[in-house]
Amino acid sequence: MFNPLTIGTDKIVFLFFFFSLSGWVGETIMESIVRKRFVSKGFFKGPWVPVHGFGGFAVYAAGLPLKPYPPLVFISGALLCTVVEYLAALLLEKAFNKKCWDYDTYPFTWWCNYKKRIALTTSLFFGLVALALVYFYWDLAMALIRFIGPRALFGVDLVFLGTFAVDAFFTIRRYIQNKKAGIQNPVDGLA
């Protein structure tokens, strides 16, 4: 069974940013294709979407005991990610006046979404991502960690943490200032 305490803080930090960066790349590619122009997705300026970092751990932890049953990995991943997506959307909207997505504006989601925060098609996609994560992507990330090695991994983690801390400080400050000024922060990809 997966226990994050047994893999070490250095690996946890790396995996968090690996999944956050992977999520940013995937979302940016899909959004750029849909909008027919480059769109950097996410709440932050940097190339990371932290909800994917947390989601990667949650999906793997939930899916690992179900690994012998791929349909259950799919269902659990779809449900878990949908709940996380809804909560993240709600938090960003309430705390920062920031809407990172609006499913009324996406192809194949306008007809089956809830409050523009979650959609059936994306939930099904999350199920597929859960399958990829449990059966392939986690092992790829762990192989990358072994390739980097423990000493270099510490340096990589420091660079990620430092860059993210600076990005988080300035991004959150800007969104708080906008909210205080009554400025609606634009929906990603529509600004």
Side-chain angles (χ1 to χ4, degrees), residues 1-34 38-44 46-89 100-101 103 106-109 118-161 163-164 188-189:
M1 179 123 193
F2 170 70
N3 181 350
L5 300 176
T6 63
I7 66 171
T9 306
D10 57 339
K11 293 178 182 80
I12 289 172
V13 169
F14 180 83
L15 290 167
F16 172 80
F17 284 107
F18 181 77
F19 295 139
S20 296
L21 176 63
S22 300
W24 178 84
V25 168
E27 284 195 26
T28 296
I29 289 170
M30 288 190 300
E31 185 76 15
S32 297
I33 290 169
V34 167
F38 178 76
V39 176
S40 177
K41 287 297 291 178
F43 179 78
F44 295 98
W48 32 61
V49 180
V51 72
H52 293 293
F54 294 114
F57 284 109
V59 166
Y60 188 74
L64 188 60
L66 304 172
K67 198 170 183 175
Y69 312 101
L72 293 180
V73 171
F74 177 89
I75 292 167
S76 70
L79 291 173
L80 182 62
C81 289
T82 300
V83 169
V84 168
E85 181 180 45
Y86 185 83
L87 293 175
C100 286
W101 56 91
Y103 283 126
Y106 288 83
F108 310 113
T109 60
I118 56 173
L120 177 62
T121 49
T122 53
S123 295
L124 296 174
F125 178 73
F126 293 149
L128 294 175
V129 169
L131 290 170
L133 177 68
V134 170
Y135 295 104
F136 168 72
Y137 208 60
W138 183 274
D139 294 334
L140 175 68
M142 295 305 285
L144 185 56
I145 287 171
R146 285 188 297 276
F147 175 77
I148 292 171
R151 290 181 120 172
L153 185 63
F154 181 75
V156 169
D157 287 350
L158 285 179
V159 169
F160 276 143
L161 286 168
T163 307
F164 180 74
D188 287 355

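Worth knowing before you read on, the calculation uses all heavy atoms, side chains too, and leaves out hydrogens, waters and symmetry mates.
Formation of a donor-acceptor pair under 3.5 Å by the Thr28 side chain with backbone atoms of Lys41 is found in this model.
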Under the criterion side chain to side chain contact (heavy atoms under 4.5 Å, CB included), I'd like the reasoning laid out for Asp157 against Phe17: C-alpha separation, chi angles, the key distance, then a yes or no.
CA-CA 8 Å; Asp157 287 350; Phe17 284 107; 5.9 Å; no
Apply the test side chain to side chain contact (heavy atoms under 4.5 Å, CB included) to residues Phe14 and Phe154: give CA-CA distance (whole Å), side-chain angles for both, the deciding distance (0.1 Å), then the verdict.
CA-CA 9 Å; Phe14 180 83; Phe154 181 75; over 6 Å; no
Chi angles and distances behind the side chain to side chain contact (heavy atoms under 4.5 Å, CB included) call for Phe136, Leu131:
CA-CA 8 Å; Phe136 168 72; Leu131 290 170; over 6 Å; no
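Shortest non-hydrogen contact noted between Ala61 and Pro65 is O-CD, 3.2 Å. The nearest pair of heavy atoms linking Leu72 to Leu66 is O-CD1, 3.7 Å. For Ala62 against Leu80, the heavy-atom pair with the smallest separation is CB-CD2, 4.1 Å. In plain terms, the two heavy atoms of Ser123 and Ala78 that are nearest each other are O-CB, 3.2 Å. Looking at every heavy atom in both residues, Ala89 comes nearest to Trp101 through CB-CZ2, 3.3 Å. Taking every heavy atom of both residues into account, Cys81 and Val59 meet most closely at SG-CG2, 3.4 Å.
You'll find the side chain of Ser20 stays beyond 4.5 Å of the side chain of Phe164, heavy atoms only. Contact of the Leu79 side chain with the Phe126 side chain is not registered, since no non-hydrogen atoms from C-beta on lie closer than 4.5 Å. Here the side chains of Tyr103 and Thr121 are not in contact, with every heavy-atom distance at 4.5 Å or above. At a threshold of 4.5 Å between non-hydrogen side-chain atoms, the residues Phe44 and Trp24 do not count as touching.
Here the CG atom belonging to Leu124 is positioned 10.5 Å from the CD1 atom belonging to Ile75, to the nearest 0.5 angstrom. Rounding to the nearest 0.5 Å gives a distance of 5.0 Å between CZ of Phe57 and CH2 of Trp138. Within the model, atoms CD1 of Ile145 and CG of Leu15 stand 4.0 Å from one another, a figure rounded to the nearest 0.5 Å. Rounded to the nearest 0.5 angstrom, Leu133 CG and Asp139 CG are separated by 9.5 Å. Rounded to the nearest 0.5 Å, atoms CZ (Phe160) and CG (Leu153) are 9.5 Å apart.
A distance of 6.0 Å or more separates the ring centres of Tyr60 and Tyr137. The distance between the ring centers of Phe19 and Phe54 does not fall below 6.0 angstrom.
For Tyr69, the OH atom sits in a loose shell: 12 or fewer heavy atoms of surrounding residues, nucleotides or ligands are nearer than 6.0 Å. Counting heavy atoms of neighbouring residues, nucleotides and ligands inside a 6.0 Å radius, atom CZ of Phe147 does not exceed 12 of them.
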